[in-house]
Student: 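Once you've had a glance at the structure underneath, I'll fire off some questions.
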Amino acid sequence: MAKKQKSFRPKARRPRGFRDRAGAEILAEQAMLRRITAVYASYGFAPLETPAFEYTDALGKFLPDVDRPNQGVFSLQDDDEQWMSLRYDLTAPLARHVAENYDGLPKPFRRYQVGTVWRNEKPGPGRFREFTQCDADTVGAPAPHADAEAIMMFADAIEAAGLSAEDVTIRVSSRKVMSGLLEAIGLDMGESGQSGTVLRAMDKYDRLGAEGVRLLLGEGRKDDSGDFTKGAGLSAGQSDAVLAFMEAASEDNAGALSAMRGVMGQSAIGAEGADELSAIAETLDALGYGARAKIDPSVVRGLDYYTGPVFEAEVTFPVTNEKGEEVVFGSVGSGGRYDDLVKRFKGTEVPAVGCSVGVSRLLTALAARGEAEAARGPVVVLALEAERMPVYHRMAADLRAQGIAAEVYLGGSGMRAQLKYADRRGASVVVIQGEDERAEGKVTVKDLDLGAKLSQTVESNEEWRAGQPAQVTVAEGEMVAAVKRALGR
RNA sequence: GCCGCCUUAGCUCAGUAGGUUAGAGCGCUUGAUUGUGGAUCAAGAGGUCCCCCGUUCGAACCGGGGAGGCGGUACCA
């Protein structure tokens, strides 16, 4: 009773792994999405939207043998007790959509989709629990040509997003050759966790190198932080085979494939995968994508719904965080073939292949290269005399009519503060009509960019005060034209 | 999940063998420079020193627990 009762104030904070975004970042993402979807559309794909929530069973995300959704998806129970989950990718909802509308859709069905997805995982550098994906998929196309097309379109999309061909490598492999490898060393793809451990170890080849992978294939490995990862427990001979397979990657796709075939021996599934990859590589080379997209057995991809070719894109330049530290930066997009996903609903096999561009990560990568464009603000019309507000609004309206973004200053501060405001908004131009101009029926148009530039050479206070070379005073009727000149239009 | 590092003003960071009013730079606000952002000068605002518990006469500083951030590692269905 002694203490003064404090009123409750919630702490203003965001949930972990989620973030606010504003201004330039949103504009950059929108621009990137426009460029990517334009590529998809040019390949003949049509847009589709699906809801953020799906029934958990439609996503296939119930924990094994338990009546609860998997960790990793955000889930809640509807008022009828049914579990719903936020989508964690755009592929599962596509499969549901296709299965639900199967008879009415043209096959192959080609759609692209932009959407937010959610993953209940630990956030990492450039990794969040809410992010945007931009996918394109072809459903009902069994031929390896569809896979080749998906890879080429994927490459085009990333290039359109702003990463040139040299900035990115696309590594291509196939679930089938991985099965072939496992078969060759006497493991069954479906059986136990061991094959999974082997695949995950392979996935780390580019990061840990041959020695690290060998440890993970065998007893296990202790990483730099001192954490121990249990290995797959393979024999030395088995590990040798896996590593030989990994080292099959080379400049030459044909060479890589023949080396992979050598390791896989008699495996039928492996041979099938290699044949498909061979066909894909042929198309990629013929169309000029060979330098960017290479056969590389170290691509694995976690998603277990892939059934055939898989691919993923990584940036080739170093990425640093805001502290300037170089950071392990994962893929900026991926894709592959998933022939069984629609089958879950329909019973019949519906082959499908697609790609997914990680827009948020691409933006992070581009930002890390310092390529964020400074966004320009609107023209700001100063409000100097309260009774003249309608006139200021008229000026702004006249500018908008010419397609120029413009706003009237609506705060309560003086001229100095208004200019400061315009400066912070990134305005290039301000329109000023104070007492003096009004008396003469004129308007002053001030070029802030030019002024800033000129100010760099100004030395003395007098010079600073004296000249305002970056502004012109014109008749009211000339205002729009003067603004256009200042904007360089 | 596991391992490591970190958490002092809006930002970047100092700081003290534990001892009354916790600092700097930048930023911000206001003013000066005959109505003007960016130069210059002056003044000012702004901090539960992440949170809780403990040790102590006394803790931002020591101990324990927790949270958050960053990085690595695992997982990523």
Side-chain angles (χ1 to χ4, degrees), chain A residues 6 9 11 13-17 19 56 59-64 69-73 75 85 87-89 91-92 117 119-127 129 193 196-197 200-201 203-204 207-208 212 216 220-230 300-306 320-323 325-328 330-331 334 377 380 382 384-385 409 413-439 444-468 470-471 473:
Chain A
K6 280 186 192 163
R9 286 232 181 81
K11 193 169 180 185
R13 56 184 191 143
R14 282 162 293 126
R16 199 161 47 87
R19 56 206 187 114
T56 304
L59 293 177
K61 290 312 151 204
F62 279 109
L63 287 170
N70 200 316
Q71 307 294 319
V73 296
S75 304
S85 299
R87 64 187 178 200
Y88 60 90
D89 69 14
T91 310
V117 302
R119 294 192 189 181
N120 194 359
E121 297 170 357
K122 184 198 149 185
R127 282 181 72 155
R129 294 157 93 192
T197 307
R200 285 193 294 276
D203 198 25
K204 297 176 177 69
R207 193 150 44 85
L208 302 180
L216 285 173
R221 172 179 178 272
K222 187 178 277 191
D223 66 55
D224 295 341
S225 70
D227 195 22
F228 183 76
T229 307
K230 197 170 182 302
V300 175
R301 298 302 304 161
L303 273 42
D304 71 355
Y305 54 64
Y306 288 125
T320 55
N321 63 11
E322 61 275 9
K323 289 180 187 160
E325 301 161 343
E326 194 166 320
V327 147
V328 177
S331 75
S334 63
V380 173
L382 300 199
L384 298 173
E385 299 176 288
Y409 178 80
S413 300
M415 182 168 189
R416 180 192 180 83
Q418 295 193 30
L419 278 160
K420 251 183 149 149
Y421 169 80
D423 195 39
R424 293 186 101 183
R425 289 297 311 277
S428 296
V429 170
V430 293
V431 173
I432 306 169
Q433 189 183 50
E435 213 181 329
D436 300 349
E437 288 90 350
R438 191 229 321 147
T444 295
V445 173
K446 183 179 173 90
D447 184 334
L448 293 186
D449 292 341
L450 181 57
K453 208 163 146 193
L454 294 175
S455 76
Q456 289 173 353
T457 63
V458 171
E459 301 272 312
S460 72
N461 202 345
E462 290 70 38
E463 199 183 342
W464 175 253
R465 301 310 312 168
Q468 288 294 350
Q471 61 188 54
T473 300

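Order of the sequence lines sets the chain letters (A, B, ...), proteins ahead of strands, with each chain counted from 1. Both backbone and side-chain heavy atoms feed into the values below; hydrogens, waters and symmetry mates do not.
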Student: Does the side chain of A:R119 get closer than 4.0 angstrom to OP1 or OP2 of B:C76 through an N or O atom?
Tutor: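 Result: no.
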Student: Let's test your reading of the model: under 3.5 Å, does the base of B:U36 pair with the side chain of A:Q471 as donor and acceptor?
Tutor: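 A donor-acceptor contact between them is present.
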Student: Do A:T444 and A:E437 have side-chain N/O donor and acceptor atoms under 3.5 Å apart?
Tutor: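 Note: A:T444 and A:E437 side chains meet the donor-acceptor criterion.
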Student: Mind calculating the distance between CG (A:L384) and C1' (B:G37) to the nearest angstrom?
Tutor: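 It works out to 14 Å between those atoms.
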Student: Return the nucleotide paired to B:C70: Watson-Crick means purine N1 to pyrimidine N3 with N6-O4 or O6-N4, wobble means G-U with N1-O2 and O6-N3, both under 3.5 Å.
Tutor: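 Check on B:C70: paired to B:G4, both distances under 3.5 Å.
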Student: Closest approach to the side chain of A:E121, judged atom by atom: which nucleotide of B:C76, B:A77, B:G37 is it?
Tutor: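 Nearest nucleotide to the side chain: B:C76.
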Student: Both distances below 3.5 Å, Watson-Crick or wobble geometry, any strand: find the nucleotide opposite B:A24.
Tutor: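 With both distances under 3.5 Å, B:A24 matches B:U12.
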Student: For B:U73, does OP1 or OP2 lie under 4.0 Å from any side-chain N or O of A:R207?
Tutor: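 So the side-chain polar atoms of A:R207 do come within 4.0 Å of the phosphate oxygens OP1 or OP2 of B:U73, strictly under.
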Student: Which one, B:G69, B:U73, B:U36, comes nearest to the side chain of A:K122?
Tutor: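 Of the options given, the side chain of A:K122 lies nearest B:U73.
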Student: With P as the reference atom in both, quote the distance from B:C5 to B:A45 in angstrom, rounded to an integer.
Tutor: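 Roughly 40 Å separates the two P atoms.
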Student: Between A:L450 and A:E437, just flag the one whose closest nucleotide in RNA chain B comes earlier from the 5' side.
Tutor: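 Nearest-nucleotide comparison on RNA chain B picks A:E437.
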Student: Between B:A39 and B:G47, how far apart are the two C1' atoms, rounded to whole Å?
Tutor: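 Per the computed distance, 31 Å lies between those C1' atoms.
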Student: Once you apply the 3.5 Å cut-off to both distances, tell me the Watson-Crick or G-U wobble partner of B:U40, or none.
Tutor: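 Matched B:U40 with B:A32 under the 3.5 Å cut-off.
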Student: Map A:N120 and A:R424 onto RNA chain B by nearest heavy atom, then report which one ends up closer to the 5' terminus.
Tutor: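 First, find each residue's nearest nucleotide; the 5'-ward one identifies A:R424.
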Student: Mark yes or no for whether A:R438, through its side chain, and A:Q433, through its backbone, hold a donor-acceptor pair below 3.5 Å.
Tutor: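 Judged by distance alone, no pair lies under 3.5 Å.
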Student: Rounded to whole Å, how long is the line connecting atom OH of A:Y409 with atom P of B:U36?
Tutor: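 So the two atoms are 16 Å apart, to the nearest Å.
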Student: Using the C1' atoms only, state how far B:U20 lies from B:A24, rounded to an integer number of Å.
Tutor: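 It comes out at 22 Å once rounded to the nearest Å.
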Student: Contact class for A:V73 vs. all strands (heavy atom < 4.0 Å): base, sugar-phosphate, or nothing?
Tutor: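 Base contact.
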Student: If you round to the nearest 0.5 Å, how far is CZ of A:R129 from CZ of A:R16?
Tutor: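 The CZ atom of A:R129 is 5.0 Å from CZ of A:R16, to the nearest 0.5 Å.
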Student: Quick one: which of B:G37, B:A74, B:G68 gets closest to the side chain of A:K204?
Tutor: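 Minimum distance to the A:K204 side chain belongs to B:A74.
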Student: So what's B:G58 paired with, Watson-Crick or G-U wobble, going by both distances under 3.5 Å?
Tutor: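 Partner of B:G58: none.
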Student: Please report the distance, rounded to the nearest Å, between CG in A:L419 and C1' in B:U29.
Tutor: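 Answer to the nearest Å: 17 Å.
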Student: A:R416 side chain: which of B:U73, B:U29, B:U33 is closest?
Tutor: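 Among the listed nucleotides, the one closest to the side chain of A:R416 is B:U33.
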Student: Say you pick atom C1' in B:A74 and the same atom in B:C3; how far apart are they, in whole Å?
Tutor: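 Each nucleotide's C1' atom is 11 Å from the other's.
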Student: Output the single nucleotide from B:U36, B:U73, B:G37 whose closest atom is nearest the side chain of A:M415.
Tutor: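 Of the candidates, B:U36 comes closest.
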Student: Taking the P atom of each, how far is B:A32 from B:G15, in whole Å?
Tutor: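 Taking atom P in both B:A32 and B:G15, they lie 40 Å apart.
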Student: Sticking with atom C1', work out how far B:G4 lies from B:A42, rounded to a whole angstrom.
Tutor: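 Their C1' atoms lie roughly 48 Å apart.
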Student: What's the closest nucleotide to the side chain of A:R200 if the choices are B:A74, B:C76, B:G31?
Tutor: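 Selected nucleotide: B:C76.
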Student: Which of these, A:Q418, A:R425, A:R424, sits in a side-chain hydrogen bond (donor to acceptor under 3.5 Å, both in side chains) with A:Y421?
Tutor: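 Only one of A:Q418, A:R425, A:R424 forms a side-chain hydrogen bond (donor to acceptor under 3.5 Å, both in side chains) with A:Y421, namely A:R425.
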Student: If I pick the C1' atom on B:U8 and the same atom on B:A14, what distance separates them, to the nearest angstrom?
Tutor: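 9 Å, rounded to whole Å.
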Student: Return the minimal non-hydrogen interatomic distance between A:S75 and A:T56, and the atom names on each side.
Tutor: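 So the two residues come closest at OG-OG1, 4.5 Å.
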Student: Using purine N1 to pyrimidine N3 plus N6-O4 or O6-N4 for Watson-Crick, or N1-O2 and O6-N3 for G-U wobble, both under 3.5 Å, which nucleotide pairs with B:A45?
Tutor: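 In the structure as shown, B:A45 has no Watson-Crick or wobble partner.
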Student: Checking the side chain of A:R119 only, and the main-chain atoms of A:Y88 only, is there a donor and an acceptor separated by less than 3.5 Å?
Tutor: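 Between the backbone of A:Y88 and the side chain of A:R119 there is a qualifying donor-acceptor contact (under 3.5 Å).
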Student: Quick one: which of B:G37, B:A77, B:G69 gets closest to the side chain of A:D423?
Tutor: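 In terms of side-chain proximity for A:D423, the closest of B:G37, B:A77, B:G69 is B:G37.
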Student: Can you tell me how far CE of A:M415 sits from CG of A:L384, rounded to the nearest 0.5 angstrom?
Tutor: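 Going from CG on A:L384 over to CE on A:M415, the span is 5.5 Å.
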Student: Once you apply a heavy-atom cut-off of 4.0 Å, does A:I432 come out as touching a base, just sugar-phosphate, or nothing?
Tutor: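 Base, at least one base heavy atom under 4.0 Å.
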Student: Can you tell which of B:G37, B:A74, B:C76 lies closest to the side chain of A:A452?
Tutor: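 Nucleotide nearest to A:A452's side chain: B:G37.
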Student: Starting at CG of A:L382 and ending at P of B:U36, how long is that distance when rounded to a whole Å?
Tutor: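 Interatomic distance, CG of A:L382 to P of B:U36: 12 Å.
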Student: Can you check the distance between B:G71 and B:U55, where both ends of the measurement are the C1' atom (answer in whole Å)?
Tutor: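 Rounded to whole Å, the distance is 33 Å.
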